[in-house]
There are 2 protein chains.
Amino acid sequence: MKVSGSRHAAADTPRTNRGTKLTSAARRVQIIEVAISLFSRHGYNGTTTKALADAAAISEATIFKHFKTKDSLYRAAFQHRTESGSAEFVSLLERLADAGDDRYLLRTLFHGVCAGYTRDRDLHRLMQFALLEGEAAENARLTDELAHSAVPNFVGSWIARRQEEGVFAPGPPSVLVTAVLAPIVEFLHSSKLYGVDSGHDDATEVDVLVPFILRGLRRPDRPDADNRP
Amino acid sequence: MKVSGSRHAAADTPRTNRGTKLTSAARRVQIIEVAISLFSRHGYNGTTTKALADAAAISEATIFKHFKTKDSLYRAAFQHRTESGSAEFVSLLERLADAGDDRYLLRTLFHGVCAGYTRDRDLHRLMQFALLEGEAAENARLTDELAHSAVPNFVGSWIARRQEEGVFAPGPPSVLVTAVLAPIVEFLHSSKLYGVDSGHDDATEVDVLVPFILRGLRRPDRPDADNRP
DNA sequence: ATTATCTATAGATCTATAGATAATGC
DNA sequence: ATTATCTATAGATCTATAGATAATGC
């Protein structure tokens with residue numbers, strides 16, 4: 001169990017540069033980065049303004065100078081997440097889709113999503129906390145936003161196209177997107193967000209999951225239609 | 001955003017029966033039930049002993065009489081989860097496996113897992129909170145425990161058996177269990193835990209996901225091998 | 001007489017603010 | 001002179017305890 005020792009006592013960064021004067025904008029960004037780190041690890045209620053101040057090596061008063069309330073800092077941290085680099089990634093996937101190499105596309109998708117989780121681990125944890133701590137209405141907005149972000153959007157259009165070409169089995173693309181991404185995301189949640197070792201290395205996971213997903217997508221009578229007709 | 005209004009102010013049950021005297025054992029169970037409800041909704045740090053007392057319609061002192069600390073109550077609530085009814089469910093699945101009807105087995109699995117999430121919604125939310133709030137070592141123990149509980153255990157043995165029979169494609173059953181359960185669990189997390197409407201009804205989800213999973217499991221050269229050889 | 005519960009409160013901690021102080025730019 | 005930061009503290013709230021009180025069983 002070990003519930004993260006009541007509220008988190010913090011002290012993540014030694015307060016070396018206490019008293020250093022940054023520009024208002026720079027300090028604001030630094031506080032937000034620290035906030036993403038702590039909120040993502042301990043949630044909203046598990047992160048105190050004292051813990052944030054200690055981690056940023058400033059006083060609590062300085063935090064409240066930059067953000068009127070703890071809640072407004074949380075919102076700023078949450079909205080700081082960006083779709084960094086997903087445009088180039090999607091255009092790479094589009095080229096693979098044009099080339100008709102579904103297997104390689106899925107492998108690239110897997111590795112790309114995996115890299116995204118590793119790079120933006122804190123933001124993904126923050127999102128999970130938000131979904132658990134948030135209300136249904138807010139979650140609907142968030143989920144909808146996620147579902148229409150670049151990568152899921154691409155996967156949906158790719159599936160629809162392959163269905164028209166008669167390669168993939170029919171069914172609503174929006175549901176099939178979940179089916180494709182769920183095994184990948186599930187694996188990443190365990191390994192990257194919860195820090196659990198699956199017992200297999202990433203390569204094995206890819207080599208098993210990608211063929212599974214590909215078989216799931218294809219029409220049974222076109223099992224080897226790797227390229228467009 | 002709307003971060004569950006700082007700490008939760010509670011008052012879930014009107015304190016009608018204030019002063020009612022239960023046996024120690026009965027009160028203990030009642031407090032645990034209230035604790036599961038609140039901890040699952042707001043997490044450990046988002047649930048105050050005052051909120052718990054109000055919801056149980058007793059004083060805070062009474063809670064501390066039954067549980068030495070808030071943490072010990074959390075542990076008790078967490079360990080209160082049971083594998084209720086999963087033995088009968090698994091024996092039903094085993095009969096379907098013997099009958100060789102893979103499609104019907106998967107549909108039954110889907111509905112059973114779905115019913116479990118609806119019935120024990122709070123316990124599943126509690127688990128998600130625990131994974132986010134907990135440490136890697138503790139999460140490994142939890143995940144391992146979950147992976148070896150009745151249903152995933154059955155799915156693993158079912159896959160292994162079908163692989164031996166040459167019906168399912170090869171691959172480590174432990175990874176394939178994740179692949180099978182992930183789309184189902186992902187859908188249930190959205191709809192039951194986060195309260196998000198997917199835009200499709202449950203029947204559509206089943207009708208799309210089950211064929212997808214089944215195609216993913218089968219060898220491409222045996223697409224219609226619904227029954228054992 | 002025993003057992004469950006409550007009232008009242010201690011002591012720590014949390015968010016937030018007011019006013020003083022120190023660093024920077026002109 | 002301006003701007004960022006700090007010290008000190010208010011007021012609320014949190015977990016937990018001590019001792020008083022009320023309900024039950026004999």
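In what follows, chains are A, B, ... by sequence order, proteins preceding strands, each numbered from 1. The shown structure was predicted, so the numbers you read here are calculated from the model rather than taken from an experiment.
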Detail all sub-3.5 Å separations between protein N/O atoms and N/O atoms belonging to nucleotides 16-20 of chain D.
| residue | atom | partner | partner atom | Å |
| --- | --- | --- | --- | --- |
| D/dA16 | OP2 | B/Lys70 | N | 2.7 |

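- Pairs passing the salt bridge (Lys or Arg N to Asp or Glu O under 4.0 Å) check and including a residue from residues 185-197 of chain B, sequence neighbours excluded, read B/Lys192-B/Asp202.
- The aromatic rings of A/Phe39 and A/Tyr44 sit parallel to each other, their planes meeting at less than 30°, with 60° as the upper class boundary.
- Atom C1' of nucleotide D/dC14 and atom CG of B/Leu52 are separated by 12 Å, given to the nearest angstrom.
- Distances shorter than 4.0 Å separate none of the side-chain N or O atoms of B/Ser59 from OP1 or OP2 on C/dT5.
- With hydrogens and angles left out, the side chain of B/Lys21 and the base of C/dA4 share no donor-acceptor pair within 3.5 Å.
- Distances shorter than 4.0 Å separate none of the side-chain N or O atoms of B/Thr62 from OP1 or OP2 on C/dT5.
- Annotation: side chain of A/Phe212 is not in contact with side chain of A/Leu106 (no heavy-atom distance under 4.5 Å).
- Residue B/His66 has no polar side-chain atom (N or O) positioned under 4.0 Å from OP1 or OP2 of C/dA4.
- One can place CZ of A/Arg27 at 7 Å from P of D/dC6, the figure rounded to the nearest angstrom.
- Between B/Ile58 atom CD1 and D/dA22 atom P there is a gap of 19 Å when expressed in whole angstrom units.
- Following rounding to the nearest Å, A/Lys50 (NZ) and D/dT7 (P) show an atom-to-atom distance of 12 Å.
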Got a list of side-chain donor-acceptor pairs under 3.5 Å for residues 203-210 of chain A, not counting sequence neighbours?
| residue | atom | partner | partner atom | Å |
| --- | --- | --- | --- | --- |
| A/Thr204 | OG1 | A/Asp201 | OD1 | 2.6 |
| A/Glu205 | OE2 | A/Ser198 | OG | 3.0 |
| A/Asp207 | OD1 | A/Arg107 | NH1 | 2.8 |

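- Here B/Arg121 pairs with B/Arg125, B/Leu193 under the side-chain contact (heavy atoms from CB on, under 4.5 Å) rule; sequence neighbours left out.
- Rounding to whole angstrom units, CZ of residue A/Phe67 and C1' of D/dA4 are separated by 14 Å.
- Rounded to an integer number of Å, the gap from A/Ile31 CD1 to D/dT5 P is 7 Å.
- The heavy-atom pair separating A/Arg27 from A/His66 by the smallest distance is CG-NE2, 3.4 Å.
- With a cut-off of 3.5 Å on both pairing distances, the Watson-Crick and G-U wobble pairs of DNA chain C assemble into stems of 3 or more at C:1-24 with D:1-24.
- As rounded to whole Å, 15 Å separates atom P of C/dT15 from atom OH of A/Tyr74.
- When the side-chain contact (heavy atoms from CB on, under 4.5 Å) test is applied to B/Phe154, the partners found at least two apart in sequence or on another chain are B/Val90, B/Leu93, B/Glu94, B/Ala97, B/Leu105, B/Ser157, B/Trp158.
- A side-chain donor from one of B/Ser37 and B/Arg41 sits under 3.5 Å from a side-chain acceptor of the other.
- Between the P atom of D/dT13 and the CG atom of A/Asn45 lies a distance of 14 Å, rounded to the nearest Å.
- Classified by interplanar angle (parallel below 30°, tilted 30° to 60°, perpendicular above 60°), the ring pair B/His189/B/Tyr117 is tilted.
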